[in-house]
2 protein chains.
Amino acid sequence: MRRDIFQAIADPTRRAIIMLIAVQAMTPNGLASHFDTSRQAISKHLRVLQECDVVKAEPKGREIYYGLEIEKVNEIDEWVAQVRQVWETRFDQLDNVLDNLKNK
Amino acid sequence: MRRDIFQAIADPTRRAIIMLIAVQAMTPNGLASHFDTSRQAISKHLRVLQECDVVKAEPKGREIYYGLEIEKVNEIDEWVAQVRQVWETRFDQLDNVLDNLKNK
DNA sequence: TATATGCGCAACCTTTTGGTTTCACAAAAT
DNA sequence: ATTTTGTGAAACCAAAAGGTTGCGCATATA
């Protein structure tokens, strides 16, 4: 399944996971202790996060630490910036129209 | 149903709608002409976008123009900034640890 | 007035999502 | 060597998502 970062952050639990591992890498069990669901459910969320490279797995013995890939978060910023840029350009155009009116 | 902005931007079609109306307010039919789906499907997306205040409806005769509420986009930024801040603080803490080691 | 247009809403259907339970397996601990 | 612990994967399930078609209603247009 083709995932993207926007789908990844759509779920509140996944956003909370991201926030937690922003502090430090954590294991599935460690993460699950902060939520009201099973470890398996958290593992599923981690898989989604992995599929779009928001999260990286680092095995340590029989534990697996999941760490945040902060660069991926930039993709969100980029889109938001694009929207804002389009929005502001629109006002520039309006300004131009108003300037033209004033100059007549 | 309780929606939030993150769910709103999860769908690619909705992100495209947001980008389009960032340029100028548009009607459902006007929007639908840019996509490969029915007007009703676009209307459903608009309803989702309305429910989390990303979009505002402005009736004009029998047409309804949907315009972007740019302020809502800031909520995305805020969350991203929060993640980044936590992430960077983490490194500050590591720096502190390293500083302490160096001072011994 | 009759007709065409633009729209929202409801019913329906299929696929996806998010959860659970159960299992197998590797790595630690006993 | 046996048991405990940490994990991913698979099967299953209910709910939600995203699409369609068909409708009714209000507003333009003829």
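Residue A:Gln50 holds its CD atom at 11.0 Å from NZ of A:Lys56, rounded to the nearest 0.5 Å. From A:Phe6, atom CZ reaches atom CG of B:Asp11 across 12.0 Å, with rounding to the nearest 0.5 Å. The distance from the NZ atom of A:Lys72 to the CG atom of A:Leu49 is 12.0 Å, given to the nearest 0.5 Å.
Counting to the nearest Å, the C1' atom of C:dA26 and the CD1 atom of A:Ile64 are 10 Å from each other. The nearest whole Å value for the distance from the CG atom in A:Leu31 to the P atom in C:dG19 is 13 Å. Atom P of nucleotide D:dG6 and atom OH of A:Tyr66 are separated by 15 Å, given to the nearest angstrom. Spacing between atom CD of A:Glu63 and atom P of C:dA27 amounts to 13 Å, rounded to whole angstrom units. Counting to the nearest Å, the C1' atom of D:dT7 and the CE atom of A:Met26 are 16 Å from each other. Between B:Glu58 atom CD and C:dC7 atom P the separation is 14 Å, expressed in whole Å.
For C:dC9, the OP1/OP2 oxygens have no side-chain nitrogen or oxygen of B:Ser43 closer than 4.0 Å. Contact annotation: A:Asn29 does not reach the phosphate of D:dT5 (side-chain N/O to OP1 or OP2, under 4.0 Å).
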- [ ] Assign a letter to each nucleotide of nucleotides 18-30 of chain D from its 5' end: B, base within under 4.0 Å of a protein heavy atom; S, sugar-phosphate only; -, no contact.
- [x] BBBBB----BB--

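A cation-pi geometry, defined here as NZ or CZ lying under 6.0 Å from the six-membered ring centre and within 45° of its normal, holds between A:Arg90 and A:Trp87.
Ionic pairing of A:Asp77 and A:Arg84 is not present here: no N-O contact between side-chain nitrogen and carboxylate oxygen is shorter than 4.0 angstrom.
Side-chain contact between A:Glu69 and A:Asp53 is absent, with no heavy-atom pair separated by less than 4.5 Å.
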